[in-house]
Number of protein chains: 2
Amino acid sequence: MVIRGSTPMGMPSGVPEVVIMRLPQYIRILSEMLAGGVEMVSSQQLGEMLQVTPAQIRKDLSYFGRFGKQGRGYNVKGLLAELKEIMGLDRSWNVGLVGVGRLGRAILSYPGFAPEGFHIIAAFDADPNLVGRVIGNLNVQSMNELDTVVKELDISIGIVAVPSRHAQGVIDRLMDCGIKAILSYAPIAPQGQAGVKIRNIDPVLSLQTMTFYLSSGSAED
Amino acid sequence: MVIRGSTPMGMPSGVPEVVIMRLPQYIRILSEMLAGGVEMVSSQQLGEMLQVTPAQIRKDLSYFGRFGKQGRGYNVKGLLAELKEIMGLDRSWNVGLVGVGRLGRAILSYPGFAPEGFHIIAAFDADPNLVGRVIGNLNVQSMNELDTVVKELDISIGIVAVPSRHAQGVIDRLMDCGIKAILSYAPIAPQGQAGVKIRNIDPVLSLQTMTFYLSSGSAED
DNA sequence: TGTTGACTGTGAAATTATGCACTAATAGAA
DNA sequence: TTCTATTAGTGCATAATTTCACAGTCAACA
């Protein structure tokens, strides 16, 4: 799928979604390299670490500009900064969590979000017994307050951690609030409106995509 | 990517990986329909629920055989059974978990695996303080026992829930034991050997693939 | 100041995936 | 029985993605 339409600040448009899906991986490797003191990296080296061809990396980057030096490769720090800016990862994002059951609490206590700029600053639950309680530094709020709080706190990303039978309803509510990016942990096939990005975390589905290869005896990778 | 090579029981080979990635989703929807008492379904209806074109569903299924009736559609129960068999989901799989920290325990207590036939029947940890303890009905075992236990209990899938700096090492150990399917929760780009399938559960990466669309102001879906 | 080796950026080609549109089959109505 | 409305399966066209391969640039060094 290709991203059509114009973008505000002169950002090149027409970037395939597959490319967008790969950039965060480049960012991650580059971060590791920067932490490791590496200054320059070639598409060859980057490709080896990510198991993709060097040509693909160069082509991906070419959608956004020219970041390398012929004969030298890429400056790790510089490329990292560029990619972060392109992806909107040079800033922090306010995230709202819906569902503070066992899974929701695990998400709240997951230490991996904040260092990457994702701050869960509000938690909601439909259960009146949970509303008003403080869980992981957050005061659990009623679903009735969703719209108000999303706007007041400038929340642009929603995380859904409710039982699957309620997940689509919650996703609909979030979209009604103007949320355009949703991370759902529910094992369902979510229906999203146009212009809304939804990603699923679904370990069972992940396992199910591997068993074919186990049973078919295929030795391919 | 296309799956090359022959398969033992006359299973058609040459099935693109994208197709394999979609089949579990078909299976999920079909299960829901079966539970809902639906008897027949057309590719049109299935496509609407999954947001894919009917043609794609028919094409995907055609890699494996002919399951529908012209003018009628597919028998839900029958198609579900066929797809489960194709994917190796008509049986149960033994799973080993490495890492019983907070994340590992959350995985052990996740109720979604067993009903789908994935049984975590062994848990390992490198921490001597954890070895020997009973967590979630399982006796935590030392990493030294990995190879023996994997073979004894016929474990064919590994789940990795260790800190990221140890993840690649654990993945290597699992591959050395002959494990061909690994689900990793570590936020790294894992290096796998040929013939080994690795899937990542990485919520941060998922979030990072969405922010581009939030910042670019693109209204596309 | 040439010359060499390394490596990017990019059109073109190859490959892979998707969607169209048609044929054939089927059930049910008239 | 015949007609109509559906819908699967599929060859082919189109679209998307990946890879190739090479011109152009750069740094290092003789």
Side-chain angles (χ1 to χ4, degrees), chain A residues 1-5 12-23 25-26 30 33 38-76 78-80 82-83 86 209 220-221, chain B residues 1-5 12-23 25-26 29-30 33 38-80 82-83 86 209 220-221:
Chain A
M1 174 194 302
V2 166
I3 301 151
R4 292 162 300 274
S13 130
V15 183
E17 176 152 38
V18 275
V19 174
I20 299 300
M21 300 289 283
R22 279 191 294 261
L23 292 192
Q25 309 194 56
Y26 300 170
L30 289 168
M33 289 185 148
V38 182
E39 285 193 8
M40 296 293 291
V41 65
S42 67
S43 59
Q44 172 79 47
Q45 296 170 292
L46 218 39
E48 272 162 27
M49 309 197 66
L50 285 157
Q51 313 274 45
V52 301
T53 63
Q56 180 158 84
I57 289 174
R58 295 200 300 274
K59 179 71 96 179
D60 285 354
L61 297 179
S62 77
Y63 283 102
F64 302 98
R66 309 174 58 150
F67 308 109
K69 272 208 171 67
Q70 278 134 325
R72 302 288 292 147
Y74 303 88
N75 177 279
V76 172
L79 181 57
L80 180 58
E82 295 270 18
L83 291 183
I86 289 164
T209 60
E220 309 304 317
D221 109 306
Chain B
M1 175 194 302
V2 166
I3 300 152
R4 291 163 302 273
S13 128
V15 183
E17 177 152 37
V18 275
V19 174
I20 298 301
M21 299 290 282
R22 277 191 294 262
L23 293 192
Q25 309 194 55
Y26 300 170
I29 295 285
L30 289 167
M33 289 184 147
V38 182
E39 286 195 6
M40 296 294 290
V41 65
S42 68
S43 58
Q44 173 78 47
Q45 296 171 292
L46 217 39
E48 271 162 27
M49 306 197 67
L50 285 157
Q51 314 274 44
V52 300
T53 62
Q56 179 157 83
I57 290 174
R58 295 199 301 273
K59 178 78 90 179
D60 284 354
L61 297 179
S62 76
Y63 282 102
F64 302 97
R66 309 175 57 151
F67 308 109
K69 271 209 171 68
Q70 278 139 322
R72 301 288 291 144
Y74 303 89
N75 177 278
V76 172
K77 192 172 177 182
L79 181 58
L80 179 59
E82 295 268 18
L83 290 183
I86 288 164
T209 61
E220 310 304 316
D221 106 308

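Letters A, B, ... mirror the listed sequences (proteins, then strands); counts begin at 1. Please read all numbers here as calculations on a predicted model, not as lab measurements.
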Between [X] and [N], is there a side-chain N or O to OP1/OP2 distance below 4.0 Å?
X: R72(B); N: dA24(C); result: no
X: S62(A); N: dG9(C); result: no
X: Y74(B); N: dG9(D); result: yes

Problem - Residue pair Y74(A) / L30(A), side-chain heavy-atom distance below 4.5 Å - result: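 When only atoms from C-beta onward are counted, L30(A) and Y74(A) do not touch, as no gap falls below 4.5 Å.
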
Rounded to the nearest 0.5 Å, how far apart are [atom1] of [X] and [atom2] of [Y]?
X: L61(B); Y: R22(B); atom1: CG; atom2: CZ; value: 10.5 Å
X: Q45(B); Y: M40(B); atom1: CD; atom2: CE; value: 9.5 Å
X: R72(A); Y: E39(A); atom1: CZ; atom2: CD; value: 9.5 Å
X: F67(B); Y: L80(B); atom1: CZ; atom2: CG; value: 12.0 Å
X: L79(B); Y: S43(B); atom1: CG; atom2: OG; value: 11.0 Å
X: I57(A); Y: L46(A); atom1: CD1; atom2: CG; value: 4.0 Å

Length of the line joining [X]:[atom1] and [N]:[atom2], which is rounded to integer Å:
X: I20(B); N: dT16(C); atom1: CD1; atom2: C1'; answer: 15 Å
X: F67(A); N: dG9(C); atom1: CZ; atom2: P; answer: 8 Å
X: Y63(B); N: dG11(D); atom1: OH; atom2: P; answer: 12 Å
X: D60(B); N: dG9(D); atom1: CG; atom2: P; answer: 12 Å
X: E82(B); N: dA8(D); atom1: CD; atom2: P; answer: 16 Å
X: Y26(B); N: dA8(D); atom1: OH; atom2: P; answer: 13 Å
X: K69(B); N: dG9(D); atom1: NZ; atom2: P; answer: 11 Å
X: F64(A); N: dT8(C); atom1: CZ; atom2: P; answer: 18 Å

N/O contacts under 3.5 Å, protein versus nucleotides 19-23 of chain C?
| from | atom 1 | to | atom 2 | distance (Å) |
| --- | --- | --- | --- | --- |
| dG19(C) | OP2 | T53(B) | OG1 | 3.1 |
| dG19(C) | O6 | K59(B) | NZ | 3.0 |
| dA21(C) | N6 | R58(B) | NH2 | 3.1 |

Side-chain atoms of residues 47-54 of chain B: list all donor-acceptor pairs with protein atoms under 3.5 Å, sequence neighbours left out, distances to 0.1 Å.
| from | atom 1 | to | atom 2 | distance (Å) |
| --- | --- | --- | --- | --- |
| E48(B) | OE2 | Q44(B) | NE2 | 3.0 |
| Q51(B) | NE2 | Q191(A) | OE1 | 3.4 |
| T53(B) | OG1 | Q56(B) | N | 3.3 |

Fill in the blank from the handout: The bend of the helix from dT1(C)-dA30(D) to dA30(C)-dT1(D), taken between the axes of its five terminal pairs at each end and rounded to 10°, is 10°

Exercise for the section: Answer with base, sugar-phosphate or nothing: what part of the nucleic acid does G68(B) contact at a heavy-atom distance below 4.0 Å? Expected result: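 G68(B): backbone/sugar contact only, no base atoms under 4.0 Å.
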
Practice task
For residues G14(B) and Y63(B), report the shortest heavy-atom separation together with the two atoms involved.
Solution key: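 Looking at all heavy atoms of both residues, the shortest contact is O-CE2, 4.1 Å.
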
Problem - G71(A) or R66(A), whichever maps to the more 5' nucleotide of DNA chain C - result: G71(A)

